[in-house]
Amino acid sequence: MVHHVQQPRSFGVANLFDGMSKKADNDLSTETAVAGGEDRISALPDDVLGHLLSFLPSRNVVRTCVLAKRWCTLWKSVPALRIKDDPLGQLAYEDPADSEGDSVDEPGYDDMHDSSTFVNELLRLRDPTPLDVCEIFSSYGDMGTYDDEDYDIFVGFQYETFQRIEPWILYALSHEVQVLRLEGALWTTNLALVSSHLKRIEVISIRFDGYLDFSSCPVLDVLELSSCIICGNILSQSLRHLIIDYGIFINDVHCRISAPNLISLKLDQDSGLAPLLDSMPSLVTAYVGESNEYIQKNGEVSFSVVLEGLSSATNLELITPFYQYSIFEMDLKWCPMFSKLKTLLLNGWCLAHNFTGMVYFLQHSPILETLQLDFQKHEEYYSIETHESCNSREQSYNSKDQSLLSKHLKVVKIICGKKVAVIVQRILKILYTHGVPSEQIDIQYECCSSASI
C-alpha cells in the first residue's frame, strides 16, 4: 500500500461555497475590530484588489469572502484561475508542516470528485470577467503513486484526469485567457485549442498523442513545453518563441516543427528522433541540444533534418553529448549556407572525422564574428586523430576553401581541459591555415585562467 501525507481538512468543498452571504453578514464584528485602525487594503479600488488576488491560488481567493462585506463578491471578478487538483486534498496550498505525521490511503475517485466539485462551482459562480492567466496543476495519475502491477489504474487516471480538466481549459479559452499554464502527470490529450486571445502556453509533463496544431490561435506568441512526450507535429504561423526542454519525441518517424515566424528557438531533446525543422527565415537565436547517436542508430535520411531549418539564424548553439554520429554531422552533406550567422557555439561533435564540423562552419558562414568551441565535457570520447590524418586534412584546404572564410571573424574562444591539449594544437593549425591571426584566439583551460595565443 502506498501512503501520502495529507493536511487535515478544516475546510471542505461545501464549506467554501455554502452560506457565503451568512458568513459575510456575521463578520460585522471583524469590521468593528479594525475600526480603530486604518484598513488600507480595503480602501483600494476593486480592480486593484482583484489584481492582488489574482496571484493567489483560486481556493484561497474564494476564502477571502469571509473577511468582510466588502470582500463578499470580490473573488468572482478576479482575472486569474490558479487551480491545484491533486490527491493531497483541498488544502494542498497550506503549510505541509501542519500535517506532519498524518497519512491516508491512496487517493481515489472520491478525492477527484471533491476537487472537481470545487472547481466546477467556482467556474459556475464567478463573473464572466476575462482572464489574464489560467494555471491548472494536477498530479492524479502520477506513475510514482502506483506500483508496477497497478499500471492499468495509472492509465485510467490519466484519461479521467484529462476528461475532468478539459472543460476547465475550454472555460478559460471562452473567457479570453491570454496565458495558459498546464502541468499534469502525463495526461494523454489531442485537445485542439481555439482562441483569438491566447498569447502564451506553458506545459509540463503532458503526453500529446496528436498534432499540436495552433493554427486556430492567431496571436499565440510563446510556446513552452517541458518534459513532454511529443508524438505529432507542432504547427503555428504566429509563434515567435518556442522552448522545448527535455523533449521526448517518438522513435519511428520525425515529428515536424513548422513555425515560419520563429525568432527564437530552444530545442533540448531528451530522447527519440530529432524533429524535422522547416524553414525559419526570421530566426535570430537558436539552441539545439541533440541526444542521439543519430547515424549509428537510425541510418541516413534523404533530407536535412535540423541544419537547413536553422540556416537563417544569427546566433546559434549546437550541442550533443556524442562525439560522432550526430544529426548535425549528418546534415552537413546538404550544404546549408549560414549567411546571417554571427555567433556560433559548438561542442565536441565538430571534431569528428578530422574536424569536419568546425571547418564546415568556417567555410559556410561568411559574416561569422564569434566562434566558441566548448570541449569541457565528455573529453574521454574525443578521438585523437593521428598526425598523418590531421596533416592530410590540413593539406586538403585549397585557396577556394580559404576564400570562403568569414572576413568578419573577430574572436575564436576555445574552452577545454588539459586532456585535449593535442587536439587544441591541431585546431590552431587549422585556424592559422584559414587566416585567423593568433591575437584573435583565446584558449581557456578548465579551472584555469584564459590565455591568448
Side-chain angles (χ1 to χ4, degrees), residues 6-86 88-99 110-138 164-165 167-181 197:
Q6 181 180 32
Q7 293 85 351
R9 298 186 181 185
S10 57
F11 259 102
V13 173
N15 297 112
L16 290 176
F17 286 100
D18 292 348
M20 284 183 176
S21 298
K22 183 185 297 184
K23 290 179 181 178
D25 290 339
N26 290 337
D27 266 351
L28 292 175
S29 59
T30 303
E31 294 181 358
T32 304
V34 299
E38 185 178 2
D39 184 3
R40 296 184 179 182
I41 292 181
S42 294
L44 294 173
D46 285 356
D47 58 342
V48 175
L49 288 175
H51 177 71
L52 295 176
L53 290 174
S54 71
F55 294 97
L56 295 177
S58 291
R59 189 174 295 275
N60 290 349
V61 171
V62 173
R63 289 185 176 125
T64 62
C65 70
V66 302
L67 294 177
K69 280 187 176 181
R70 169 76 190 284
W71 295 79
C72 186
T73 58
L74 277 177
W75 64 272
K76 293 186 176 184
S77 57
V78 172
L81 291 173
R82 302 185 190 274
I83 299 166
K84 188 163 186 178
D85 174 51
D86 73 359
L88 295 182
Q90 284 71 44
L91 299 187
Y93 281 103
E94 295 187 355
D95 188 355
D98 294 340
S99 62
D110 289 343
D111 302 277
M112 296 171 70
H113 175 74
D114 287 349
S115 180
S116 295
T117 300
F118 167 74
V119 177
N120 292 336
E121 284 296 287
L122 168 64
L123 302 187
R124 184 180 69 84
L125 295 173
R126 75 178 296 274
D127 295 335
T129 305
L131 290 168
D132 296 330
V133 179
C134 176
E135 295 180 350
I136 301 174
F137 166 84
S138 180
R164 289 188 312 105
I165 65 103
W168 309 343
I169 298 172
L170 296 177
Y171 175 93
L173 295 176
S174 68
H175 287 73
E176 304 179 1
V177 68
Q178 297 184 42
V179 178
L180 179 64
R181 298 190 179 103
H197 299 87

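For reference, positions follow the sequence shown, starting with 1.
The ring-ring contact (aromatic ring centres under 6.0 Å, His included) search around H197 returns none, not counting sequence neighbours. Among residues two or more places apart in sequence or in another chain, the side chain to side chain contact (heavy atoms under 4.5 Å, CB included) test is passed with T73 by K76. Residues satisfying the side chain to side chain contact (heavy atoms under 4.5 Å, CB included) test with L56, not counting sequence neighbours, are L53, V61. For D132, the salt bridge (Lys or Arg N to Asp or Glu O under 4.0 Å) test picks out no residue, with sequence neighbours left out. Take D47 and apply the side chain to side chain contact (heavy atoms under 4.5 Å, CB included) test, not counting sequence neighbours, and it matches P45.
Interatomic distance, NZ of K84 versus CD1 of I136, reported as 14.5 Å (0.5 Å rounding). Rounding to the nearest 0.5 angstrom, the gap separating the CZ atom in R59 from the CD1 atom in I83 is 10.0 Å. Distance CG/L52 to CD1/I41: 8.0 Å, rounded to 0.5 Å. Interatomic distance, F118 CZ to L123 CG, rounded to the nearest 0.5 Å: 9.0 Å. The CD1 atom of I169 sits 7.5 Å away from atom SG of C134, with the distance rounded to the nearest 0.5 Å.
S77 places none of its side-chain heavy atoms less than 4.5 Å from the side chain of D46. Residues L49 and W71 have side chains in contact (heavy-atom distance under 4.5 Å, counting atoms from C-beta outward).
Between the side chain of R181 and the backbone N or O of V133 there is no donor-acceptor pair closer than 3.5 Å.
Minimum heavy-atom separation, L122 to S58: CD2-CB, 3.8 Å. Taking every heavy atom of both residues into account, C65 and W75 meet most closely at CB-CD1, 3.9 Å.
Exactly one residue among L81, V78, L131 makes a side chain to side chain contact (heavy atoms under 4.5 Å, CB included) with S54. That residue is V78.
Aromatic ring pairs are classed by plane angle as parallel below 30°, tilted from 30° to 60° and perpendicular above 60°; the pair F55 and H51 is perpendicular.
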